Amino acid sequence: MFTLQQLIDSIPFYSMSTEEDPVVHHLEMDSRHVTLGSLFFCVPGYTVDGHDFAEEAEKNGAVAIIAERPVSVDIPVVIVKDVNRAMALIANKYYDHPTSKFQLIGVTGTNGKTTTTHFIEQILQYEGKGTGLIGTLYVKMNGETEDVVNTTPAALPLQQTFDRMVDNNVNAAVMEVSSHALSLGRVWGCDYDIAVFTNLTQDHLDYHKTMDHYRFSKSLLFSQLGNAYHRSPKYAVINRDDEAAPFFEEASAAPVITYGLENEADLQAVNVEATPKGTTFQLKTPRTTLPFSLNLLGRFNVYNALASIAACYAAGIDLERIRDAMHSVAGVPGRFERVDVDADYSVIVDYAHTPDSLENVLQTATEVCQGSLTVVVGCGGDRDRTKRPVMAEVACRYADRSIFTSDNPRSEKPELILEDMEAGVPKEDYETIVDRKEAINKAVDQAQAGDVIVIAGKGHETYQEVGGQRLDFDDRLVAKQAMKGRA
Ligand SMILES: CC(=O)N[C@H]1[C@@H](OP(=O)(O)OP(=O)(O)OC[C@H]2O[C@@H](n3ccc(=O)[nH]c3=O)[C@H](O)[C@@H]2O)O[C@H](CO)[C@@H](O)[C@@H]1O[C@H](C)C(=O)N[C@@H](C)C(=O)N[C@H](CCC(=O)O)C(=O)O
Ligand SMILES: Nc1ncnc2c1ncn2[C@@H]1O[C@H](COP(=O)(O)OP(=O)(O)OP(=O)(O)O)[C@@H](O)[C@H]1O
Ligand SMILES: N[C@H](CCC[C@H](N)C(=O)O)C(=O)O
Ligand SMILES: [Mg+2]
């Protein structure tokens, strides 16, 4: 148990409204969940401002408040420069620096984070480690999953999750680290042992405004490798084939292990071949060359495999053991997931929601397609508008037939999102069907033998976000129904 003073000792400068030093029993960033003895953090949000809930927090039993400006309460108020970052430091202290108690691997990059973290988790499990995973799909501890809101949670739930990982005997955890999280200080104070960079292409310009800021935010994971505890060597794992590689290498506060297919790298995949069941390649390292086989399709998955191999090697696992584990690594729900209905055409559901991921998945689909390729795709509302025409262009460049539709319009009018997409391509190259179910039905109805349909953007999602509502919607179920209806 800590007193307020003990907790805020981890912040360099602050001002305090009183000398009182209450005991803190709980940390909280949502006034509605405050209980007796809580320390309440006033987080300036995108929708509302946590400072407006200080009084409610006091009423609900908070013993002190951390804020960026004065608030009218009678309990102690500590004024800090940045509540998000103060919250990260205090949560670290409160939970006794949980990330110093197990090996922590962070994966950042525009695409491939969820896939790569799952590959790494499977290799760690093959080694018999107690594993933790945090990312877009869930928090997972020794096989049990829990729902999440964000890919990388805010500092409080994050440190609390790490603390539970310690209690659950996790000795190696792997997590997706989003650029939002790095930029907002959600992962401040995390003691990463290994930081992995997958790639950098356009996304999230609504938040970052420029690619430079986006790239800088991602690089924070690598400069953070210099953190305190030094229980084992730390490493950065970097994709040499990405043009941002030198930037990340320079930002790294730890030795760098590179991987790639095209450029010479510490771990390089050569002789990559697609087989009916997956992909094979030779892994060339300065010491040895080893044959690898992967149950998954797509050159992008070779990159994800290389990132995982390099991360696990950095974590101290033998390359031969990694090779054996990789042999049976399974794919991830909603990533190039084939809809399981017997038919002479294939339907693939994929989470591609950026220009680069769409290009990768469509390129892979053309390699397995014997007839014509159809893509059903939309772009998310309240997200980077500038990627919409680019995604439309990519769709039309690869597919024989493109159907533009809705993907989580959120607060935007679906027709206007579609107009943004349409601006990227000539009229005769696509058709537009606002209703996603109708769009999927039409693609399936018209499929011929040997054709492939890629339904892109939502992958594992089980909802369509319209206005403030989440309506049930699962591309895989809708496609399955359409396919069965046709049979
Ligand atoms: C833009 C953004 O990052 N939003 C995050 C933010 O929400 P917000 O700013 O809207 O929060 P808010 O509702 O304004 O509330 C502000 C504060 O007031 C508090 N509050 C609110 C109401 C009340 O009655 N009492 C009260 O105390 C809230 O608890 C909060 O602390 O804080 C929330 C709690 O931490 C996050 O869940 C939420 O992520 C939303 C869901 C989101 O969509 N974020 C995206 C942009 C994001 O972060 N994405 C990346 C992944 C990107 C990728 O992988 O491609 C991610 O890591 O998830
Ligand atoms: N290494 C890669 N390079 C490019 N595209 C990829 C790569 N790996 C996966 N993809 C594509 O990107 C999509 C999303 O993959 P994944 O979920 O692994 O990425 P992510 O980085 O976790 O995405 P998010 O930022 O939404 O969490 C996949 O469905 C696939 O189409
Ligand atoms: N993490 C991404 C997910 C996008 C998924 C797509 N279906 C969309 O809604 O745009 C984001 O929040 O931007
Ligand atoms: Mg993800």
Side-chain angles (χ1 to χ4, degrees), residues 28-34 38 40-57 60 62 83-84 87 107-119 134-138 148-158 175-184 186-187 196-201 203-204 206-208 214 239 241-242 261 296-308 331-337 348-365 380 382-384 408 410 454 456-461 465:
E28 188 50 65
M29 58 188 282
D30 187 330
S31 57
R32 292 161 292 193
H33 300 151
V34 164
S38 293
F40 178 67
F41 295 87
C42 299
V43 176
Y46 290 84
T47 322
V48 292
D49 186 347
H51 292 79
D52 297 337
F53 301 98
E55 286 170 61
E56 183 182 293
N60 290 344
V83 166
N84 276 308
M87 185 164 78
V107 180
T108 198
T110 307
N111 296 307
K113 298 183 294 298
T114 300
T115 311
T116 301
T117 51
H118 278 76
F119 289 178
I134 299 173
T136 311
L137 297 184
Y138 34 61
V148 290
V149 184
N150 288 102
T151 288
T152 312
L156 274 193
L158 180 63
M175 68 182 286
E176 295 181 51
V177 191
S178 67
S179 58
H180 294 82
L182 287 156
S183 168
L184 292 165
R186 291 181 198 160
V187 294
V196 181
F197 167 62
T198 61
N199 47 61
L200 185 83
T201 56
D203 202 8
H204 304 311
D206 51 326
Y207 178 86
H208 294 288
Y214 182 33
N239 176 0
D241 291 347
D242 193 285
L261 273 82
L296 301 159
L297 296 175
R299 204 172 150 81
F300 60 92
N301 271 324
V302 177
Y303 278 102
N304 297 333
L306 286 173
S308 313
V332 179
R335 275 74 182 158
F336 216 84
E337 182 176 338
I348 289 157
V349 169
D350 188 84
Y351 195 46
H353 54 266
T354 67
D356 181 59
S357 56
L358 192 60
E359 179 153 9
N360 275 287
V361 76
L362 292 179
Q363 169 66 46
T364 304
D382 303 335
R383 295 287 185 273
D384 188 354
N408 295 333
R410 303 192 175 87
V454 172
K458 295 183 72 65
H460 62 280
E461 290 177 356
E465 222 176 305

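All residue numbers in this chain count up from 1 along the given sequence. If you're wondering where the values come from, they're calculated on a predicted model, not measured in any experiment. Counting starts at 1 for both ligands and their atoms, following the listed order.
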Output for ligand 1, non-hydrogen cut-off under 4.0 Å, lists M29, D30, S31, R32, F40, V43, G45, Y46, T47, V48, G50, F53, V149, N150, T151, T152, A154, S178, H180, R186, H204, R383
* Do the ring planes of H204 and Y214 sit parallel (below 30°), tilted (30 to 60°) or perpendicular (above 60°)? -> perpendicular
Here the atoms of ligand 2 under 4.0 Å from any heavy atom belonging to E176 are 22 (O), 27 (O)
What one should report as the nearest heavy-atom pair of V332 and H118 is CG2-CB, 3.6 Å
Residues A62 and V34: closest non-hydrogen pair is N-CG1, 3.6 Å
Sorted by chain and number, protein N/O/S atoms nearer to the Mg ion (ligand 4) than 2.8 Å are T114 OG1, T136 OG1, E176 OE1
- Message: Side chains of T114 and T136 only: does a donor on one sit below 3.5 Å from an acceptor on the other?
- Response: yes
When distances are taken from atom 19 (O) of ligand 2, the protein heavy atom at minimum range is G112 N, 2.9 Å
A student checking ligand 2 against T110 at a 4.0 Å heavy-atom cut-off should list atoms 21 (O), 25 (O)
In this structure, atom 4 (C) of ligand 2 is nearest to the protein heavy atom N360 ND2, 3.2 Å
Short version for D356: what comes under 4.0 Å of ligand 2, heavy atoms counted, is side chain
closest protein heavy atom to atom 29 (O) of ligand 2 is D350 OD2, 2.7 Å
Note: K113 and V177 closest approach over all heavy atoms is CD-O, 4.1 Å
for atom 25 (O) of ligand 2, nearest protein heavy atom and its distance come out as K113 NZ, 2.7 Å
For atom 18 (O) of ligand 2, the closest protein heavy atom turns out to be T115 OG1, 2.5 Å
among protein heavy atoms, the one nearest atom 1 (N) of ligand 2 is N304 OD1, 2.8 Å
Contact region, N111 to ligand 2, non-hydrogen atoms below 4.0 Å, reads both
Here the atoms of ligand 2 under 4.0 Å from any heavy atom belonging to V361 are 31 (O)
query = Would you say the side-chain atoms of S183 and Y207 include a donor-acceptor pair closer than 3.5 Å?
reply = yes
Residue, atom and distance of the protein heavy atom nearest atom 3 (N) of ligand 2 read N199 ND2, 3.3 Å
Under 4.0 Å between heavy atoms, the region of T136 that gets near ligand 2 turns out to be side chain
Self-check item: E461 side chain to N408 side chain, donor-acceptor N/O pair below 3.5 angstrom
Solution: yes
When distances are taken from atom 12 (O) of ligand 2, the protein heavy atom at minimum range is S357 CB, 3.1 Å
Has T110 got a side-chain atom pairing as donor or acceptor with T201's backbone, closer than 3.5 angstrom? yes
- Do any nitrogen or oxygen atoms of H204 lie less than 3.5 angstrom from nitrogen or oxygen atoms of ligand 2? no
